[in-house]
Number of protein chains: 2
Amino acid sequence: MAQASEELRRDGWPEQTAVRIAWCYYGLGMTQQEIAAKLGINRVRVNRLLAEARRRGIVRISITSKLAENVDLEERLKERFGLAEAEVVLSLTDDETELAEVLGAAACEPLTRHFRDGATIGVGWGVTLKAFAEAMPETPLQDVAVVAMLGSLTRRSSIDAFEAATTLSARLHAECFHLPGPILCDSEASRDTLVRQPMLQDVLERALRADIAVISVGGLDSGTIRRMRFVDEAEFQDVLAAGAIGNFLGHYIDDDAAVIDHPVNRRVIGVKPEDLANIPHRFMISGGPNKVRALAAILRRRLLTGIVTDQQTARALLV
Amino acid sequence: MAQASEELRRDGWPEQTAVRIAWCYYGLGMTQQEIAAKLGINRVRVNRLLAEARRRGIVRISITSKLAENVDLEERLKERFGLAEAEVVLSLTDDETELAEVLGAAACEPLTRHFRDGATIGVGWGVTLKAFAEAMPETPLQDVAVVAMLGSLTRRSSIDAFEAATTLSARLHAECFHLPGPILCDSEASRDTLVRQPMLQDVLERALRADIAVISVGGLDSGTIRRMRFVDEAEFQDVLAAGAIGNFLGHYIDDDAAVIDHPVNRRVIGVKPEDLANIPHRFMISGGPNKVRALAAILRRRLLTGIVTDQQTARALLV
DNA sequence: CTTGCGAATGAACAAATGTTATGACACGTT
DNA sequence: AACGTGTCATAACATTTGTTCATTCGCAAG
């Protein structure tokens, strides 16, 4: 079959063999021992390749049946907030990172339906979106553009829009555009200067013409926001006093999901929440107790067309 | 949560619990022991429910990465036979039944894209189609009609069109229509009488207006055809002599995929191969050495828009 | 040629999983 | 109340899986 010799060419891991093993194991229900014998290799190797295949998302396990309760929550979310799509997953973890991974994985299916040849996809920031991008199966599409809707964090971080956009674009074989600037500038003036740069203008405009936006929201006491600290404590307290309940597309918003009139919000490089309305599909991937308030505000404002969240959050949103 | 008391209402198996277990096991990577402890039940029970969940297709495991060779074969099939879609799966089994299951499972994904609210779906017969229907995940759709394109076998058999249609319609929450008559009548006259029945006419016409047809093909020496024996040996030899190479929608066809001019073909109740052309999407699910010849004929005649087959068959078709 | 390196192997073991037998318990039936 | 009947818990066991470690193999650099 002349594959064995070639299959290492890419990055030194024998995908061909791994796929074959995965197929035998999961598809045909053979035991690892049998597979090892059949392919003439060691069982340990079979075991390792199998684990690696799962880790890399080549083997993917999904649970199709939903709990009646989740279906019910989905319907109520759609009804209540005028959404076209809603996906509620079981929340069986309290770990923020784990929840992000679960939500990210769950978002793949509904979003894949929107990712088609020629589409432009706007991407926000956050651990959840990063997890989503990682969980996305490799789907080769034609002429797709993935556009970051926000600037980067100063230090490259796995949670910024750039990272999520990069990963997602790789999965879709798409072109990736990012906003070459900090998510938050040091002054309004420098933001204005930066935003006037043709390069930036270009990407911003492209983002505004996106067919679908994949976004998230940050609660104020979330680990992420804390860790970032892109505003200093004094300023943070100041925005808080001004009524901030969360961070949406880099902007601090209040209980009406309105961008708070505060200097810090005029230093943001990125798509403004109010500009979202021009994007036909607006998908939120988010969950967790600390995000409920901000989520509720955004939903009430009908800023979204779709949401992926967990059971607990869904319940809280529907109170 | 008040589920535990209700969850047995349907068919005596605790789907709620099973889904929860599956979620913990596959989604969160917990061990069966841990899950048992967490849910306060027995480990044996956890194990059994998990197995049952897999068996029922609630947990489904898919392999996303394809072998380069398969992708290549798909492209060549599309190119060569003017198909819109092609799916080639690894063939690692020689067992006819197993192959049918593998193909059936593989067909779900490409076909789901065609199953939408309001669609009419025509269904043929065979083990493969039956396997496909079984493998189909439960997808609640609106106003979908599943129509059998062929009459039934005299004894209800798990391979006839009726069975496949019934199962599929259940999965899609669709209405099911079947042709109330034998796939093969005892004489041309009785076929004509039967086909003139309004009930039958109705279903036949409905089948002709289908949006998508899901069909298969029988090789002449396939176990299925043998086992069925709806024609007696003499007649079988006769059709064979007339050039029959396979059975397509109940009709014996020759190497040009033309319905052989033979009495037996005038006793069939069902959609005629030539009527297929009116159906916009025509999907073949089939594979195995004994079907290659018939498949090749059908493909050459451009009767299909999509195919799901295995590697070996694909290779044979492309010679 | 030998030395060193990394990768694959085989043996060995602990952990997890799948399977079976047995007994307790609840439930309708007679 | 006695009697099936079926479900579930418990325990025990065989198999499979995941991991570790010392060893061997292949091969390229010295």
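The structure displayed is predicted, hence computed values, not measured ones. Below, chain A is the first sequence line, B the second, and so on; all start at residue 1.
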Would you indicate which nucleotide in [options] comes nearest to any side-chain atom of [X]?
X       : options                : value
A/Gln32 : D/dA9, D/dA12, D/dT17  : D/dT17
A/Arg48 : C/dA8, D/dA9, D/dT20   : D/dT20
B/Val44 : D/dA11, D/dA9, C/dT9   : D/dA11
B/Arg43 : D/dT20, C/dG18, D/dC8  : C/dG18
A/Thr31 : D/dT17, C/dG18, D/dT10 : D/dT17

Length of the [atom1]-[atom2] vector between [X] and [N], whole Å:
X       : N      : atom1 : atom2 : result
A/Arg45 : D/dG18 : CZ    : C1'   : 16 Å
B/Tyr25 : C/dG18 : OH    : C1'   : 10 Å
B/Leu50 : C/dA16 : CG    : P     : 15 Å
A/Asn42 : D/dC21 : CG    : P     : 17 Å
B/Ile41 : D/dT7  : CD1   : P     : 16 Å
B/Leu39 : D/dC8  : CG    : C1'   : 15 Å
B/Glu52 : C/dT19 : CD    : P     : 13 Å
A/Asn47 : C/dA12 : CG    : P     : 19 Å

Review point. Considering only heavy atoms from C-beta outward, does the side chain of A/Val144 approach that of A/His173 to under 4.5 Å?
Key: no
Practice item. Please tell me if the side chains of B/Phe132 and B/Ser216 come closer than 4.5 Å, counting only heavy atoms from C-beta onward. Key: no
**Study point:** Distance-only donor-acceptor check, side chains A/Thr313 and A/Lys291, under 3.5 Å
**Key:**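 Judged by distance alone, the side chains do not pair up.
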Check your understanding: Are B/Arg48 and B/Glu52 ion-paired here, with the side-chain N under 4.0 Å from a carboxylate O?
Key -> no
